[in-house]
Structure formats: C-alpha cells, structure tokens
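Below is one structure, written out as structure tokens; comments come after it.
Keep in mind that what you see is a predicted model, and the values were worked out from it rather than measured. Throughout, protein chains are lettered first and strands after them, A, B, ... in sequence-line order, and every chain is numbered starting at 1.
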Number of protein chains: 2
Amino acid sequence: MSKAPITIKDIAKALKLSHSTISRALKDSYQIGEETKKRVKAYAKAHNYHPNLMAQSLKNQKTRSIGVILSSVSKVFFAEVITGIESVASAKDYHVIITQSMENFEKEKNNLDQLTWRSIDGLLVSISAQTTDFSQFKSIQESGTPIVFFDRITHELETHTVIADNYQGAFDLTKHLIDQGFKRIAHITSSEEIFTTKARLAGYTDALKLAGIPFDQDLIRYCEQGGVDTKEVENQLSTLLSLDNPPDAVFAASDLISLSSFDYLQQKGINIPDELAFAGFSNFSAPQLFNPGLTTVKQPAFEMGKQAMELLLELVESKRPVSSFKHVSIPTELQIRKSTKGRS
Amino acid sequence: MSKAPITIKDIAKALKLSHSTISRALKDSYQIGEETKKRVKAYAKAHNYHPNLMAQSLKNQKTRSIGVILSSVSKVFFAEVITGIESVASAKDYHVIITQSMENFEKEKNNLDQLTWRSIDGLLVSISAQTTDFSQFKSIQESGTPIVFFDRITHELETHTVIADNYQGAFDLTKHLIDQGFKRIAHITSSEEIFTTKARLAGYTDALKLAGIPFDQDLIRYCEQGGVDTKEVENQLSTLLSLDNPPDAVFAASDLISLSSFDYLQQKGINIPDELAFAGFSNFSAPQLFNPGLTTVKQPAFEMGKQAMELLLELVESKRPVSSFKHVSIPTELQIRKSTKGRS
DNA sequence: CTGAAAGCGCTTACAG
DNA sequence: CTGAAAGCGCTTACAG
C-alpha cells in the first residue's frame, strides 16, 4: 500500500506526456488521440488512479457534496429517507452531509450556516415544525445553491418539491374508518402550521364530506410538539374522551402520537377497537406490535429520498437556470390491521 | 447576499496587507503583531469570512472528513450512534460520511474503497456480520488513516475500540432471569462469529455458572442473518420448543429476534411470561409496546458514537504515532418489564 | 493532436 | 513583524 496516491503528474512522467494531456485523456476530451487515451486510461487503471477531489473542487468550484437538513435521524421515516438519498448519491459520486434540526428553528439556521460555508453544491430540506420564516432558504437559493424540499415543504420558494401523498393517505384512512362503520372520527395531529398537517386535514375533511358526515372542529386536536411530549398527547386525548359526544375512532398523524395514545388508552382500560378504533400515519418498523395491530398509512420514505435527490442533482448539474419545477407526490400505502375493526 | 464568498485576497486588498499576513493573522500566528491581528479578525468577522475548505484541504492534505461504516442506519441503535458521532463532529468542524454495509462483506469493501479515495482523515467502523478477513482495514491503517472500531470490533488491528459492555449486560439479564426463578434459559443470538455474540454468550455462561445452573449447548441458537430473516428465528424457536426439556425463558440478542419471536409465540398461542419468559438486548424506541412489555438491556448508543468519535479525532489530530490504545466498554442498562415476571 | 502557463484559495519556508 | 514566492493537484484557455 503506497502512502501517497498516484497523481496526474506521476502518470505524465511515466508516459512521457504533459499533465494537461493526461487530464484531458482521462476526461475523454475530443482533443486527444484514441491511442493516447487508451494508454493513459490503462495506466491510470493499473495504478488505481483516482482524481484528488479537493483539487478538482478547488478548480471547479464544485464540491460534489450535498447538504441535508431534517428533524432527526432517529425517526424511522428519516432513516429510510436517508437510505434513499444515499442510494442516488453513491451512484453519482456525491457525498451527503446530514444535519438534524430537532424541530428547532435556531438549530436549523445553524445547520444552514454550517452547510453554506462548507460550500455544498445543493441542499435537501425537510422544514422544522417551528419554521415560519423562510428568508434564510431564499438567500441561499438566490446565492446560487439549489434547494429541493421534501416531506415538510413550502411554496414560498420556487423549486422542486417531493412529498408523500398526504392528502390521499388521509382520505383513504378516513374512508376506511367510515367504511368500518365509525361516525365520530377524531384527528390528533401535529403543529397546525406545517404543510403535512394541512394536507392530511384536507384529506380527512373531504372523506367526511363525501360520506355526508358533518365536520366537527372539536374533533381536531393539534399537538404543537408533534407528540414528542407525551403529556401533550394525553391532554388532547382526554379532552376528546370527555366531550359530550366523544369520538368512536381516532386518526393519528404520527407514530409518536400513536405510541403515547396506546399507552394512555391501555392505562385507562379503554379497549381498542371496541370502545375506540385507532389508526395512524406511521413508518414504525413493527406496527403489528401494537396491541391490537395498528392500521397505518405508510409513507414511501425511501422513494421520497431517492426522488428528491434525483431532482436536486438535476438542478445542480443543469447548465442553465431551471425555471419550471416539479411537484412530486408519491402514493402512500394503507395497511389494515385489527385496531380499526368495525363493530358490524 | 454576495454570490462569491470573501477570500483572503479580498481582505488583503481591503486592509493593504499581503495575503500571507492575513492567513497568519487569522490563525493567530505568533509572528503577527497584536494590532494587525485585531484588525484582520475584525474585518474577517464583519465580512463573514470563512476559509475555503477545499483550498485548505488541498494544501494541508487533510479533508476534515470522517468516514463511517455501519450495517444500516435504519436500525435505531445505529441512528443513535450517528447522533453521538455528529455531536462531536459538528463541534470540531469535521463532517461525517455515512456508508451502510447491510451486513455484506462485499458492500463493506466497496464502501471502504469509496471512502479511501475520497481521502478521509479517519474511519469509524462497526464490522459487518460476514467479515472474517480484515486485510482491507489493515492496509488502510498502514497507509496512515487511523481507524476506530465500535460495537462490532476486532482485535486483529491495534487501535482504540468502543463497545457496550455486552458481557455485563448479558450477565445482568441472565441473572435477572435466574432471580425470577427460571432455570432453563435459552439464548437466541446472532452469527456465532461476531464479537458482540461472543461477549454476550460469555456473560450468559458466567451467570449460569455462578448460580450453579448447568450449561446446555442445545439452548444456544444462532441466527446467521441476525434475525433479518423471520424464518430463521422461527426455526430456532421451534427447535427450542420441541426439545425434550424445553426452556422456560429466552434471552434474545437483538430487537429483530425479539420482534419475530413475539409474532411467532403469539401465533402459537404461547403466553409470555407464564409459559415462556422473554427478554432481550434492544434499542427499540418503544419496548413497552410489546405485549407484555419487554425486559431489555439497553445499549448506550449515543455515548458509544460520541466516545468513538472522540478517540478517532485524538488519533487524527495527534502529531506523532500513537501506540497505546484504549478499549472502552460502556455500561448497559437493564430495564425490567412484565415479560420476565417470575411465577413465584 | 499535444504542451506551457495561469490560476482555483490557501499555507509556509525563506528573506528581510 | 511583514512580504514574495512556491506549491498542494487539478482544469482549461491559448498557442502551435
């Protein structure tokens, strides 16, 4: 194992050519003769030549690195998203710098600063729950770094976006509950502001409308922390249960909410689904563990990461400014289990 | 927002100094007068100067990037490890390139190649289950890139290692089962070869010995895939259950094994803990979801990532070769739930 | 078709 | 205490 990797200079010396010629031959420049190209490439391969990325970056003003901001890698959903992102990145020789906002606006801003001065070529973002001001993203975009939003997106910037079809997922889930005979369907969801919350609420509302079931604002409960705080979920649940006309089913917007809810309901001795049916959005690795098994809407996390990265690299590698943007929405998958079994 | 970031040259021009002086002032060189330093730093700060990392890397032959190889980010354990690694990295301005081996030797080798020619400054590895040949790691180390192993380690290379105290964790868990009155304790574990498997088996064995319970090889069941394949786990369980003298408790080595087992046992209508007690190593986010709640040994994942990264950076930043290596073992935590309740 | 030269933004031995 | 110069490994306009 040689300590110093082989460089263009070394090849030039060995082959008695100038280093410009080597450089061009390696990139298949039309200016170089076929014979020469072959010799150079063969030598490079034989000696396991790899270009020095730092030198290339310095020259090209491109780092081949992509920044990612998401709330937390510990969430199964995001772990799967990352795998999708990496699958594209490694195929195209980019590397990915992951940062976590922990749903915190200040942290998100710090991550952004960090990533910026590391001079990334592009940025992938799922916006934190706290974020209402998008000016930092705008200035990054204006300074020439393309951004693609996924999952938690905004339309305040013009760019590609990739989401799960939250609307359809919520619609399907609500319709399933209605089909099972439930009439008072509550919705415990995350912060009112975020994009996914709005889309899910719309799907829920439309499914009710279609079935002629009246919408009741009392049945919509927001958790500002998105369920990170167990107490928050318990409060919303207990409010629901003490309504004059309590719900017969609950549609939860996330795993965290479902987890806390199951604990609480079990504690209170409330039987699922006989006293209260329950279902939720989830990328939990083992929804069958819930007792009874949890009916879920599964988000296409890997696929989202993959497509978001592909769209970002389109922007990064595009020769000229892009002005027409795609808004991808990927279907979700309804998985029916015992927690929503109707009384029939 | 200026498109082009400010450089040393810009500062030099503005302050009518040479760029050598700026460079030195910014790094607090003793050669530069206090007054000058102050002026330069103030200007740099005011204009939000950040050094161009590519240029620095090229000059210093250091990239400030650290490679990580682990089996899969989708495992909660590794997601937490990553958070620990990142916490150190971001504080010290390193960035982390994560790669996944998926327990596959070939993939691990590819990741290694990729990382190598990206010229990382150091490497953090949790070895894949398939790996028995460590020559690639050795040559990387010999070529000057420090490596630290964590979780799945080897002693074939001389370097720092960081593990959870698997021995003690297994010992504690086994002792707990014995204390609860169980006498035939089976152990369903991962591939026989890997380090963690051996350590856990040793803890298990010693706890039995101490209690005067005879060791029975029939009660030790290996899953080559580590439980990725549900069938594998079911086979081992059914073998155990059909023994002439079947176990009264099971100690599982991982979440995956516990998950598949619970499904299988529930299917077979076997009551936990009355017919069979169950406990396992786990970093599952919600062990209380198991029905009944699962007694677990929790691994200090965040802490492991943090300490491994700290030790690696010690090696990376050390001026001279290090020859004395630390072997850190971090305590695990036994969390007792209903799945191991004794009959008393 | 090939080469000499300049330059990306920094660091650092060498001079003064 | 400060500056001019060389060089890290590459790319690419300019010549020939």
Problem - Along DNA chain C (nearest heavy atom to each residue), the more 5'-positioned of A:His19 and A:Tyr30 - result: A:Tyr30
Exercise for the section: Figure out the CG/P separation between A:Leu26 and C:dT2, and round it to whole Å. Expected result: 13 Å
Practice task
Nearest whole angstrom, please: distance from the P of C:dA6 to the CG of A:Leu58.
Solution key: 18 Å
Problem - Rounded interatomic separation in angstrom, taking CZ from B:Arg24 and P from D:dA4 - result: 11 Å
Practice task
Answer yes or no: does a side-chain N or O of B:Ser23 lie under 4.0 Å from OP1 or OP2 of C:dT11?
Solution key: yes
Exercise for the section: Look at all strands and tell whether A:Thr7 reaches a base, only sugar-phosphate, or nothing, counting heavy atoms closer than 4.0 Å. Expected result: sugar-phosphate
Problem - Sugar-phosphate, base or nothing in reach of B:Gln31, heavy atoms under 4.0 Å - result: base
Fill in the blank from the handout: Output for pair (A:Leu312 CG, A:Tyr94 OH), nearest 0.5 Å, gives 8.5 Å
Handout entry: Nucleotide of C:dC10, D:dG9, C:dT12 approaching A:Ala55 most closely (side-chain heavy atoms)
Key = D:dG9
Handout entry: Length of the CZ-P vector between B:Arg118 and D:dC10, whole Å
Key = 15 Å
Problem - A:Lys9 side-chain N/O to D:dC8 phosphate OP1/OP2 under 4.0 Å - result: yes
Problem - B:Ser101 versus B:Asn104, side-chain donor and acceptor atoms under 3.5 Å - result: no
Exercise for the section: Please indicate whether B:Glu158 has more than 12 foreign heavy atoms, meaning atoms of other residues, nucleotides or ligands, lying under 6.0 Å from its CD. Expected result: no
Handout entry: Pair assignment for D:dA4, Watson-Crick or G-U wobble, requiring both distances under 3.5 Å
Key = none
Practice task
Using heavy atoms to find the nearest nucleotide of DNA chain D for B:Asn60 and B:Glu34 separately, return the residue whose nucleotide is more 5′.
Solution key: B:Glu34
Practice task
Specify the separation, in whole Å, of atom CD1 of A:Ile32 and atom P of D:dT11.
Solution key: 12 Å
Exercise for the section: Kindly point out which of D:dA4, D:dC10, C:dC10 is positioned nearest to the side chain of A:Pro51? Expected result: D:dC10
Problem - Nucleotide of C:dC8, C:dC10, D:dC8 approaching B:Ile8 most closely (side-chain heavy atoms) - result: C:dC10
Completion exercise
Quick note, A:Gln61 side chain, CB onward, closest among D:dG3, C:dC8, D:dT11 is C:dC8
Practice task
Specify the separation, in whole Å, of atom CZ of B:Arg64 and atom P of C:dT11.
Solution key: 12 Å
Fill in the blank from the handout: Taken to the nearest whole Å, OH/A:Tyr49 to C1'/D:dC10 is 7 Å
Exercise for the section: In whole angstrom, give the distance that lies between atom NZ of A:Lys62 and atom C1' of D:dT11. Expected result: 15 Å
Practice task
Return yes if the base of C:dG9 and the side-chain atoms of B:Lys59 contain a donor-acceptor N/O pair under 3.5 Å, otherwise no.
Solution key: no
Practice task
Indicate whether OP1 or OP2 belonging to D:dA4 is found under 4.0 Å from a side-chain N or O atom of B:Ser20.
Solution key: no
Problem - A:Lys306 vs A:Glu310, salt bridge (Lys or Arg N to Asp or Glu O under 4.0 Å): CA-CA, chis, key distance, verdict - result: CA-CA 6 Å; A:Lys306 180 162 169 277; A:Glu310 282 168 352; 3.8 Å; yes
Practice task
Tell which nucleotide pairs with C:dA13, taking only Watson-Crick or G-U wobble pairs whose two distances are both under 3.5 angstrom.
Solution key: none
Practice task
Please state whether the phosphate of C:dG3, meaning OP1 or OP2, lies under 4.0 angstrom from any side-chain nitrogen or oxygen of A:Ser18.
Solution key: yes
Exercise for the section: Looking at every strand, decide which applies to B:Thr36 at a 4.0 Å heavy-atom threshold: base, sugar-phosphate, or nothing. Expected result: sugar-phosphate
Practice task
Decide, yes or no, whether a salt bridge links B:Lys37 with B:Asp28 under the criterion of side-chain N to carboxylate O below 4.0 Å.
Solution key: yes
Practice task
Decide ring-ring contact (aromatic ring centres under 6.0 Å, His included) for A:Phe195 and A:His155; before the verdict, give the C-alpha distance in whole Å, the side-chain angles of both, and the deciding distance to 0.1 Å.
Solution key: CA-CA 9 Å; A:Phe195 183 87; A:His155 290 306; 5.7 Å; yes
Problem - B:Gln56 side-chain N/O to C:dG9 phosphate OP1/OP2 under 4.0 Å - result: no
